[in-house]
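All remarks here apply to the structure that follows.
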Amino acid sequence: EAKRAGRGRYRVFEAGMDDLLHKRREMEIDLRRALALKQFELHYQPILDLSNDTVIGFEALLRWKHPVRGNVPPLDFIALAEENGLIVKIGEWVLRTACLEAASWSDGMIVAVNVSPLQFKADTLLETVASALEKSSLSAERLEIEITEGALLDDTDNVLQTLKALRELGVKISMDDFGTGYSSLSYLQKFPFSKIKIDRTFVASANADSEAILRAVAGLGTSLGMAITAEGVETAEQLARIRGERCTHVQGYLTGRPMAPEMISSFLARPKPHQ
Ligand code: C2E
Ligand code: MG
Ligand code: MG
Ligand code: MG
């Protein structure tokens, strides 16, 4: 009896798996067509400089407008695109589009672009970055590339070469989501980052441990000459806490949600809110 029930459960489980695989397969087919069908957009989240409370630029965040599923969040499709390699083509589109759109912003505004581990390791990355800058006439100092610890894991020599080559182009590199992955402190010394972005989990929770981690990372980054961004600042109270730490920048819903490109000029022209 138990055995039969077990088998029954197994069949149910199998059907569930089938369903999942089917959905995944469908998503993959749709993702392959998404570029050609122009279903991607970039939204932009403001980056605030804490030394003078001004917006110095925006982070580009990818949006997929699926005709049936609606807005698919990046966390739901970027991992898949990374597994099947589509991220390289999608990432090229992101770099080209972000540079083109940023070139129309008021003088000096920077744009930060996320580059996934596979895209970072693709041998076309340097060429893609150089050509995105050239075609948009955006000066390299206005581009920041954000990578996560996943990009640094193996092949240290090649990673270092790529980072140096990007720096030679004049592009800045940020370590994104610091604190959530392997967070080896030696990465900070080994690789030429200009900025560390401390993950929002350390900003959101107001307990002694996350405060200590935030303080330590900000202190270390500062002594290594890096800028420090606190990610995911949602409340005035969190902002006040961050101001007491050695953070140089903040991003979060409090200072601005990601917005469509056509909203940027009015956002920049608005009267400065008191913070
Ligand atoms: P990320 O690079 O760390 O980007 C920050 C994420 O936090 C964004 O989510 C942003 O909308 C969200 N966020 C910003 N402020 C707040 C806040 O105050 N509270 C909360 N709860 N969330 C906040 P999003 O747009 O869903 O992107 C998620 C992740 O997907 C990004 O994390 C990044 O790793 C990846 N991603 C987004 N666009 C791209 C892209 O063009 N290429 C690649 N490779 N990855 C991308
Ligand atoms: Mg990012
Ligand atoms: Mg981040
Ligand atoms: Mg993140």
Side-chain angles (χ1 to χ4, degrees), residues 31 34-35 39-48 55 57-65 70-102 110-122 125 128-129 132 143-151 172-181 183 193-206 214 217 227-239 241-242 247 249-261 263 275:
L31 199 54
L35 268 179
Q39 290 170 351
F40 290 121
E41 271 177 19
L42 295 178
H43 281 198
Y44 293 93
Q45 182 175 43
I47 303 166
L48 190 80
V55 171
F58 297 84
E59 177 175 2
L61 295 159
L62 186 57
R63 300 291 178 256
W64 181 14
K65 299 207 161 166
N71 295 333
V72 188
L75 292 177
D76 289 358
F77 68 87
I78 283 176
L80 178 64
E82 171 95 0
E83 281 165 43
N84 60 26
L86 283 171
I87 194 69
V88 177
K89 282 273 171 267
I90 296 172
E92 281 172 11
W93 179 87
V94 171
L95 271 163
R96 271 202 319 271
T97 307
C99 289
L100 277 173
E101 291 182 333
I110 63 139
V111 65
V113 176
N114 294 282
V115 167
S116 86
L118 191 78
Q119 190 192 354
F120 183 77
K121 285 170 188 156
L125 179 71
T128 304
V129 171
L143 176 63
E144 285 183 9
I145 289 196
E146 299 193 358
I147 57 173
T148 52
E149 291 155 287
K172 297 193 185 67
I173 324 273
S174 305
M175 167 90 280
D176 201 357
D177 298 347
F178 194 76
T180 55
S183 304
F193 299 115
S194 19
K195 185 184 268 179
I196 303 174
K197 301 187 73 175
I198 302 178
D199 194 72
R200 70 182 161 85
T201 48
F202 303 101
V203 172
S205 49
L214 195 140
V217 172
I228 316 288
T229 299
E231 296 193 87
V233 175
E234 292 180 355
T235 67
E237 190 215 330
Q238 288 168 347
L239 181 62
R241 191 147 43 80
I242 293 302
C247 295
H249 300 83
V250 294
Q251 266 182 257
Y253 293 167
L254 182 68
T255 37
R257 294 198 174 238
M259 62 190 89
M263 301 303 294
Q275 268 151 5

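Each ligand, and each atom within it, is numbered from 1 in the order the structure gives.
- The shell of residues lying under 4.0 angstrom from ligand 1, judged by heavy atoms, includes E59.
- More than 12 heavy atoms of other shown residues, nucleotides or ligands fall within 6.0 angstrom of atom CD in E83.
- The atoms of ligand 1 that sit less than 4.0 Å from any heavy atom of V94 are 41 (O).
- Listed by number with element, the atoms of ligand 1 under 4.0 angstrom from any heavy atom of S116 are 44 (N).
- Under the 30°/60° scheme for interplanar angles, the aromatic rings of W93 and F40 are found to be tilted.
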Evaluation steps, side-chain contact (heavy atoms from CB on, under 4.5 Å), between L95 and L125: CA-CA 10 Å; L95 271 163; L125 179 71; 4.2 Å; yes

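- Counting non-hydrogen atoms of other residues, nucleotides and ligands closer than 6.0 Å to NZ of K89 gives a total of 12 or fewer.
- Comparing F77, W64, Y253 by heavy-atom distance to atom 18 (O) of ligand 1, the nearest is Y253.
- At under 3.5 Å, not a single nitrogen or oxygen of Q119, backbone or side chain, sits near a nitrogen or oxygen of ligand 1.
- The atom name of the N/O/S atom in D177 closest to the Mg ion (ligand 3) is OD1.
- Residue contact check: E234 has heavy atoms under 4.0 Å from atoms 17 (C), 18 (O), 19 (N), 20 (C), 21 (N) of ligand 1.
- Although no hydrogens or angles enter the test, the distance criterion places no donor-acceptor pair under 3.5 Å between the side chain of Q119 and the main chain of V115.
- Just one of Q45, R200, E231 meets the side-chain hydrogen bond (donor to acceptor under 3.5 Å, both in side chains) condition when paired with Q251; it is Q45.
- The heavy-atom pair separating G181 from E149 by the smallest distance is N-OE1, 3.2 Å.
- The N, O or S atom of E231 with the smallest distance to the Mg ion (ligand 3) is OE1.
- Contact annotation: E146 places an N, O or S atom under 2.8 Å from the Mg ion (ligand 2).
- The side chain of D176, and not its backbone, has at least one atom closer than 4.0 Å to an atom of ligand 1 (non-hydrogen atoms only; side chain from C-beta on).
- Using a 4.0 Å cut-off between heavy atoms, V233 contacts ligand 1 through its backbone alone, with no side-chain atom that close.
- Residue A81 comes nearest to L31 through the heavy atom pair CB-CD2, 3.9 Å, listed as atom of the first residue, atom of the second, then distance.
- Here is the list of ligand 1 atoms found below 4.0 Å of a heavy atom in G252: 15 (N), 18 (O).
- The name of the N, O or S atom in D176 nearest to the Mg ion (ligand 3) is OD1.
- Close contacts between ligand 1 and I78 involve ligand atoms 35 (C), 36 (N), 39 (C), 43 (C), 45 (N), 46 (C) [criterion: under 4.0 Å to a heavy atom].
- Where the criterion is an N or O separation shorter than 3.5 Å, residue side chain and backbone included, Q251 fails it with respect to ligand 1.
- R63 counts as a contact of ligand 1, since one of its heavy atoms falls under 4.0 Å from the ligand.
- One finds a salt bridge joining E59 and K197 here, because a Lys/Arg side-chain nitrogen approaches an Asp/Glu carboxylate oxygen to under 4.0 Å.
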Audit row: L254, T235, side-chain contact (heavy atoms from CB on, under 4.5 Å) steps and yes/no: CA-CA 6 Å; L254 182 68; T235 67; 5.8 Å; no

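- The two residues T148 and P117 come nearest to each other via the heavy atoms OG1-CG, 4.1 Å.
- Side-chain contact between V113 and V94 is present, with heavy atoms from C-beta onward closer than 4.5 Å.
- Counting heavy atoms from C-beta on, the side chains of R63 and P74 come closer than 4.5 Å.
- Atoms of ligand 1 lying under 4.0 Å from at least one heavy atom of P258, given by number and element, are 11 (O).
- With a heavy-atom cut-off of 4.0 Å, H43 does not touch ligand 1 at all.
- Interface of Q45 with ligand 1, defined as ligand atoms under 4.0 Å from a residue heavy atom, comprises 14 (C), 15 (N).
- Looking at T97, L42, L62 and measuring to atom 38 (N) of ligand 1, the nearest heavy atom belongs to L62.
- Every atom of ligand 1 is numbered from 1 in the order shown, and the set under 4.0 Å from a heavy atom of L61 is 4 (O), 8 (C), 10 (C), 11 (O), 25 (O), 37 (C), 38 (N).
- Panel note: side chain T229, backbone V250; no donor-acceptor pair is recorded below 3.5 Å.
- At a 4.0 Å cut-off, not a single heavy atom of R257 sits close enough to ligand 1 to count as contact.
- Angle OD1(N114) to the Mg ion (ligand 2) to OE2(E59): 90° [nearest 10 degrees].
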